[in-house]
Amino acid sequence: MKRIVCEGPNSLRGEFIPQGSKNGALPILASCIIFDTLVKINNVPDIQDIHTMKSILEGVGCKCEYVNNSLIVDSRPIKSYQISWELASKMRASFDLLGSLVYRFGKAIVPFPGGCLIGNRKVDMHLWISKQLGFNVKIDSGNVIVEDFNPKNVNTEISFWLPSVGATKNATFLGLFVAKETRKKIIFHNVAIEPEITYLWDFLSYNGLKLSYNLDKRILEIFPSEPKFSSLIMVDNIYDRIEAGTFAIAACATRGNIIIKDNDQEKYSLKVTLSRLWELLSSIGVEIGFGSDYIELKAKNRLKSFEVSTDVYPSFPTDLQPQAVSLATSIEGISVIVESIFDDRFVYVGELLRLGADINVVNNKFAIVNGGKKLNGAPVKATDIRGGAAILIATLTAEGKSILTNTYQIYRGYEKIVEKLSKLGANIFEETEKILEVSNV
Ligand code: EPU
């Protein structure tokens, strides 16, 4: 594995082109299973989680080809409705395939995902929704088995108790199956409306599946339908708002000046999908200019400390919470960052403390950052995708050399991150990790 060496402090300057969205591509890849044809997705980031999803699809029999950031999935040869634990254990999004496998086979066996590095990520609502939709649900040998659809047991109007992103994806695929089988409309209330979800819905609608959504009311309605036949379905992925937000925050933490390329399609533009981030940055004194297809950020030396709380879209994203904490360490005064989605998303803070940050995490709910202290380079370890990105931002602001290990976590979500930071002027490079010889005494 490569480790990342960074010599700070740095100031990021220049132009940045975001990668295709990780969390946008994953559900579209899952949806390929419901189309019995070839699907070509463009602008798919070259990151570990995408390669894991590709292997999972190949594991159930799909043929996949990844060339120049385009991924072609042929689900015609699919033969299995069971995902192996070896692959599923690498990525929680494997659970998203539950709904699309059921759509295709009427049955799915998917490993129970368990907790992870950012908390106890439950799937109880996925299971409850499956039962509400008329399926029998069992847990056996660590697998969730959804099968034996009975139209008599279908509840056609279901209210989520929280707008879960993952449960909304599975409910969409299961709902399409049930609407098709029963010829009835299925209505879901309190669904997730993250842009990556609405993009999936738009993609499905464009390809013949009938659904409509109301963003203000968080309602999804699914009508009886079949996919439109096409020998090749093509789709362009949206920009990754979390990668773009990470670079925007890195530019501010290093008091830099960057221009981020934006999508000119208003609904999925970063200007819209990251509006809470732009509001926060402008409230602390960052100058922000919006062009028709770019966003320019200029961070002055003195920024104001802040308070922010994560919540479901359109609020401030939890996937930018760790990066916001790193930004706060660079700003004099007390900042408070509240996490309200995950129950253990401050694991990375220990690594920021190693760099000299002054942060108190209270009940795993919020971080109180006493910012403006000089950070010093140190050996640090990436904890998870976004925590790893936050640690990397802190190493950019720290004085001296930092060596970041366990970079696998960062490469799960960020394509060519070192190359991109280096182009923006950071003194950063990758090197092959030396294997320590451990003596036997
Ligand atoms: N939850 C339940 N029961 C459920 C489902 C969820 O209690 O049945 C709880 C979870 O325990 C968690 C919260 O609801 O505390 C949010 O979970 P959600 O289902 O909304 O998230 P997810 O589908 O597991 C996706 C992203 C995450 C992102 C969250 C929130 C993908 C592949 N993952 O996860 O992205 O943080 O939504 O926006 O889309 C990342 O990219 O680094 C990442 C973690």
Side-chain angles (χ1 to χ4, degrees), residues 19-31 45 47-50 52-53 56 88 90-99 110 112-132 137 139 144 146 158-172 174 188 190-200 218 237-238 240-246 273-274 276 310-323 339-345 347-348 364-365 382-390 409-415:
Q19 68 185 32
S21 166
K22 167 176 88 72
N23 293 345
L26 290 170
I28 292 191
L29 284 169
S31 80
I47 53 175
Q48 201 48 53
D49 274 12
I50 294 292
T52 302
M53 187 58 132
I56 293 174
K90 292 191 179 161
M91 186 182 66
R92 280 187 59 93
S94 55
F95 205 70
D96 295 356
L97 289 170
L98 183 137
V110 181
F112 196 96
C116 81
L117 295 162
I118 56 176
N120 164 25
R121 296 171 74 177
K122 293 201 281 187
V123 289
D124 50 348
M125 206 165 61
H126 298 241
L127 309 189
W128 176 79
I129 292 165
S130 306
K131 286 184 194 156
Q132 292 294 308
V137 179
I139 296 173
V144 173
V146 174
I158 298 171
S159 292
F160 289 21
W161 61 81
L162 61 90
S164 150
V165 169
T168 302
K169 290 184 260 183
N170 269 329
T172 302
L174 294 171
F188 295 111
N190 200 26
V191 292
I193 53 163
E194 269 65 9
E196 296 78 16
I197 296 280
T198 59
Y199 200 68
L200 170 71
R218 291 186 178 273
N237 188 17
I238 48 176
D240 194 315
R241 65 189 168 104
I242 303 303
E243 189 219 19
T246 301
T273 60
L274 282 175
R276 289 295 193 278
T310 67
D311 211 336
V312 295
Y313 191 80
S315 292
F316 192 83
T318 173
D319 290 344
L320 290 178
Q321 175 264 102
Q323 301 86 321
E339 171 60 46
S340 45
I341 303 291
F342 291 107
D343 50 21
D344 195 11
R345 209 174 195 175
V347 180
Y348 65 90
N364 266 347
K365 282 272 163 236
T383 48
D384 59 276
I385 307 180
R386 310 304 171 191
Q409 288 295 343
I410 295 182
Y411 298 127
R412 284 185 54 202
Y414 292 91
E415 180 181 79

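A quick note: this is a predicted structure, and the numbers were derived from the prediction, not measured. Atoms within each ligand, like the ligands themselves, are counted from 1 in listed order.
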Practice task
Report the C-alpha separation of Q321 and T310 in whole Å, then their side-chain angles, then the decisive distance to 0.1 Å, and conclude whether the side-chain hydrogen bond (donor to acceptor under 3.5 Å, both in side chains) test is met.
Solution key: CA-CA 7 Å; Q321 175 264 102; T310 67; over 6 Å; no
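Per-residue contacts place A93 under 4.0 angstrom from the following atoms of ligand 1 (heavy atoms of the residue considered): 32 (C). Taking every non-hydrogen atom of G166 and a distance limit under 4.0 Å, the qualifying atoms of ligand 1 come out as 19 (O), 23 (O). Within ligand 1, counting atoms from 1 as listed, the ones closer than 4.0 Å to a heavy atom of N120 are 11 (O). Within the listing of ligand 1, atoms 12 (C), 13 (C), 15 (O), 16 (C) sit less than 4.0 angstrom from a heavy atom of I341. Atom numbering of ligand 1 starts at 1 in the shown order; those under 4.0 Å from a heavy atom of K22 are 40 (C), 41 (O).
Residues N364 and F342 form no side-chain contact, since every pair of their non-hydrogen atoms from C-beta on lies 4.5 Å or further apart. Looking only at side-chain heavy atoms (C-beta outward), V144 and L127 come within less than 4.5 Å of each other. Contact check for P27 versus I197: no side-chain heavy atoms found under the 4.5 Å cut-off.
Of all heavy-atom pairs spanning Q409 and L117, the tightest one is NE2-CD1, 3.5 Å. Here the closest heavy-atom approach between residue E243 and residue D240 is recorded as N-OD1, 2.9 Å. Heavy atoms only, all atoms of each residue included: M125 and A167 are closest at CE-CB, 3.8 Å. The shortest heavy-atom contact between I47 and Y414 is CG2-C, 3.5 Å. Closest approach of P195 and I238 over heavy atoms only: O-CD1, 4.3 Å.
Under the 4.0 Å criterion applied to side-chain N and carboxylate O atoms, R241 and E196 are assigned as salt-bridge partners. For K169 and D96, the salt-bridge test passes: some basic side-chain N is under 4.0 Å from an acidic carboxylate O. Electrostatic pairing of D319 and R345 counts as a salt bridge here, judged by a charged N lying under 4.0 Å from a carboxylate O.
Among protein heavy atoms, the minimum distance from atom 29 (C) of ligand 1 is reached at F342 CZ, 3.9 Å. Of the protein's heavy atoms, L162 CD1, 3.5 Å lies nearest to atom 14 (O) of ligand 1. Given atom 8 (O) of ligand 1, the protein heavy atom at minimum distance is M125 N, 2.8 Å. Of all protein heavy atoms, the one closest to atom 5 (C) of ligand 1 is K122 O, 3.0 Å. Of the protein's non-hydrogen atoms, the one nearest atom 22 (P) of ligand 1 is R121 NH2, 3.7 Å. Considering only non-hydrogen protein atoms, atom 19 (O) of ligand 1 sits nearest to S164 OG, 2.6 Å.
Below 3.5 Å of separation, one finds no N or O of L26 facing any N or O of ligand 1. At under 3.5 Å, a nitrogen or oxygen of N23, whether backbone or side chain, sits near a nitrogen or oxygen of ligand 1. Backbone and side-chain nitrogen or oxygen atoms of A167 are examined, and none is located within less than 3.5 angstrom of a nitrogen or oxygen of ligand 1. Considering backbone and side-chain atoms together, I385 places no N or O closer than 3.5 Å to any N or O of ligand 1.
Using a 4.0 Å cut-off between heavy atoms, E339 makes no contact with ligand 1 at all. With a 4.0 Å heavy-atom cut-off, ligand 1 is reached by the backbone of D124 and by its side chain too.
At a 4.0 Å cut-off, not a single heavy atom of E196 sits close enough to ligand 1 to count as contact.
The residue from D344, T318, D319, V165 that puts a heavy atom closest to atom 35 (O) of ligand 1 is D319. Considering each of Q321, R386, M53, R345, the one bringing a non-hydrogen atom nearest atom 44 (C) of ligand 1 is R345.
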